[in-house]
Amino acid sequence: MDILWTGVLALLLIGYFALEGSGIGAGMLLPALGRTQPDRDRVVAAMAPFVLANEVWLVAVAGVLFGAFPSIEGEVLSGLYPLVVTLLVSWILRDAGLWFRRRLDGHAWRAGWDWMICLGSYGLALSWGMALVAMAGGLSGPPIGLPGLGGGLVVAAAFALHGWTFLSWRLPGQVTGASRTGRALLASAGVAALPVAVLLAALAPWLLEHIAPSGTLNVLSVMILPFAPLMLGAQVWVWRTFNPRRATDRIPSFF
Amino acid sequence: MDVLDLARTQFAVTGSLHFLFVVLTLGLAPLVAIMHTRHAMTGRPVHERMTRFWGQIYVINYALGIVTGLVMEFQFGMSWSGLSHYAGDIFGAPLAIETLGAFFLESTFLGLWIFGWHRLPKWLHLACIWLVTLTAYVSAFWIMVANSFLQNPAGAVERGDHLVLTDFGALVTNPMLTMALPHVLGAGLWTGGFVVMGASAYHLFRRTAGQEFFTGSLRLGVVAAFAGSLVTVGFGYAQFGPVSLFQPDKFNGAPLAGIGLGFMILIGQLLQFLIMFVLLPTVYWLPRWRWAHPILMLITPLPFLAAIFGWLAREVGRQPWLVYGRLTVADAMSPGLTRGMITLSFVGFVGVLGLLAVVDYLLIARTVRRGPGAATLGADGPADSTERAHALSL
């Protein structure tokens with residue numbers, strides 16, 4: 001049971017990086033790839049159907065952390081306090097940009113929220129990189145520093161690559177001018193998830209040491225595992241429905 | 001204000017903002033699902049337009065529900081790590097079940113519903129909005145399980161320096177839960193019904209196009225508000241039993257809790273009588289009574305106000321306890337939380353979320369004002385009909 005729930009936590013966090021890394025990367029590249037408003041609309045429309053299904057993996061990480069690793073949850077979140085604040089504010093601004101950008105007609109309105117999406121995406125990537133470095137150092141040093149910034153840049157570069165590959169897969173030959181296969185997308189997802197996978201492997205013994213007692217884990221297993229096939233099935237359904245072979249983007253996007 | 005007051009205020013403000021949007025989400029979701037069902041069954045254009053218009057209002061409202069909820073979830077670990085240390089083995093379980101067994105599915109299916117117009121087969125697309133509604137209600141259940149544990153720590157015993165779970169059944173049948181959950185869900189339906197009623201009254205009063213659309217919507221709103229108000233008021237009074245048993249001094253010690261309770265009952269009871277004795281009996285003629293429409297618009301925000309007063313009563317009346325009788329709010333605060341840290345996050349969260357909440361309401365108001373013709377959700381069919389056939393091959 002201990003190993004199972006440590007595995008669930010790892011799967012969710014790695015899944016978040018592999019999936020949402022593409023959305024964050026696409027957001028970072030928004031001004032570079034979308035020089036004109038129609039191009040930016042195309043980039044956002046390409047990522048939009050996946051955003052809700054992707055970002056929810058991190059919500060699930062926080063839930064599992066609270067349920068199965070309560071002692072770690074408080075330690076990590078208060079140990080990384082300024083980074084968690086930056087991460088959340090960036091996330092909020094990015095999401096607000098996506099939901100609000102098409103709700104008014106003005107050019108300045110949409111362009112302004114597009115900058116929010118870009119800013120929020122950079123904020124997410126950089127604070128994730130810094131958080132991973134701080135976790136690797138055992139939360140001993142200050143959460144923001146030069147090594148952390150290096151980590152932030154590495155994660156940002158990995159997300160940018162993943163976002164670029166995603167857009168070349170979803171909109172072949174359009175905004176990036178290139179086209180990539182599903183296999184290339186899988187590889188870039190691996191690159192995006194690599195930093196966090198390495199960290200999780202190193203932290204596994206520490207995680208196992210701080211896991212909740214078996215009574216709590218049994219309750220979680222009974223209540224959650226029956227839904228696991230439905231959760232995975234819904235995710236697969238999203239990727240099948242909105243993959244580029246099925247979904248030509250002639251329909252105006254809601255985001 | 002000291003660090004503790006700042007941390008409490010931060011949580012109270014994000015919690016109140018969250019609930020303002022969640023209460024409408026809970027109420028609009030079933031109404032939109034009903035409209036979508038009528039659209040799928042009859043194929044009449046008016047039902048499709050209703051689904052898209054009210055669905056768009058639901059979706060815009062949902063945005064703030066998500067971001068305020070995120071902040072709340074993370075704030076537990078940031079500001080109140082003493083809670084996860086002392087009661088995390090129990091309190092964490094319902095939150096984990098909520099995120100994985102409910103919100104994960106809700107968010108995934110909502111994405112499929114929003115972006116699945118003209119792309120998913122008709123009945124699968126309809127299934128998405130019903131699954132979103134169902135998982136939203138399941139979410140509310142688990143969040144209320146967690147909250148009720150704080151009001152009355154059932155199913156747990158203290159071992160060493162922390163609580164352990166001994167009886168999961170007692171956790172989910174907590175008397176502080178069983179009467180409060182229907183109360184909250186009823187309040188959601190009431191709020192959703194009032195928003196549909198008020199927005200329809202606006203269009204009927206202005207005599208804009210689509211009188212059939214808003215006549216039907218106004219009637220649906222009044223009927224939903226009637227059902228919601230009965231449940232809310234009934235289960236509201238029913239809570240006095242468990243409260244007097246488990247928290248006898250809830251409304252005596254804390255003046256703010258008493259004020260919240262008083263105003264909630266005042267608003268709730270007056271409105272319920274108005275719905276039951278005036279609005280419901282006249283629901284057939286109400287869409288034609290132009291003089292009544294400004295009144296309907298004016299009372300639309302009242303359920304939101306009553307909802308906030310209700311939470312003030314429930315949560316302020318728990319003070320100084322975080323876990324009633326076991327752990328105080330002061331003891332639950334994260335060790336090492338400084339004034340600088342909490343000020344930074346206060347400005348970040350409360351400032352940003354407050355501004356976005358205002359923007360969100362303005363956007364909802366604008367969507368209402370521009371009417372069903374301007375709804376962008378699900379607008380425009382596919383360029384060629386082969387695409388729909390293609391999606392069927394899923």
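Proteins come first, then strands; the chains are lettered A, B, ... in the order of their sequence lines, and each starts at number 1.
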For residues [X] and [Y], determine if any side-chain heavy atom of one lies less than 4.5 Å from a side-chain heavy atom of the other.
X        : Y        : value
B/Thr99  : A/Phe66  : no
B/Trp117 : A/Phe254 : no
A/Leu88  : B/Met78  : yes
A/Val222 : B/Phe168 : no
B/Ile66  : A/Leu52  : yes
A/Leu77  : B/Ser81  : no
A/Ile92  : B/Val71  : yes
A/Ser78  : B/Trp80  : no

Would you mind telling me which of [options] has the largest number of heavy-atom pairs within less than 4.5 Å of chain A?
options                               : answer
B/Gly111, B/Gly101, B/Gly88, B/Ser107 : B/Ser107
B/Glu98, B/His162, B/Gln56, B/Gln75   : B/Gln56
B/Leu363, B/Leu165, B/Leu95           : B/Leu363

Self-check item: Residues of residues 1-15 of chain A contacting chain B, heavy-atom criterion under 4.5 Å, by residue number
Solution: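 Counting heavy atoms that sit under 4.5 Å from chain B, the residues of residues 1-15 of chain A involved are A/Trp5, A/Leu12.
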Pairs of heavy atoms under 4.5 Å with chain B: top-ranked of [options]:
options                     : answer
A/Trp99, A/Tyr81, A/Trp91   : A/Tyr81
A/Met231, A/Met223, A/Glu73 : A/Met231
A/Leu98, A/Val84, A/Asp95   : A/Val84
A/Ala212, A/Ala62, A/Gly215 : A/Ala62

Quiz item: Do B/Phe104 and A/Phe227 have ring centres separated by under 6.0 Å?
Solution: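 No.
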Quiz item: In terms of heavy-atom contacts, does CH2 of A/Trp206 have more than 12 from other residues, nucleotides or ligands at under 6.0 Å?
Solution: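 Enclosed: over 12 neighbouring heavy atoms sit under 6.0 Å from CH2 of A/Trp206.
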Practice problem: Count the heavy atoms of every other residue, nucleotide or ligand shown that sit under 6.0 Å from CZ of B/Arg366, and state whether that count exceeds 12. | Solution: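 Atom CZ in B/Arg366 is crowded, with more than 12 foreign heavy atoms closer than 6.0 Å.
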Which atoms of [X] are under 4.5 Å from chain B, going by heavy atoms: the side chain, the backbone, both sets, or neither?
X        : value
A/Leu65  : neither
A/Ala48  : both
A/Gln235 : both

Quiz item: Yes or no on ring-ring contact (aromatic ring centres under 6.0 Å, His included) for A/Phe50 and B/Phe115, after CA distance, side-chain angles and deciding distance?
Solution: CA-CA 9 Å; A/Phe50 301 92; B/Phe115 297 98; 9.1 Å; no
Practice problem: Would you mind checking if A/Asp105 and B/Arg370 are paired as a salt bridge, meaning a charged N to carboxylate O distance below 4.0 Å? | Solution: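 Salt bridge present between B/Arg370 and A/Asp105.
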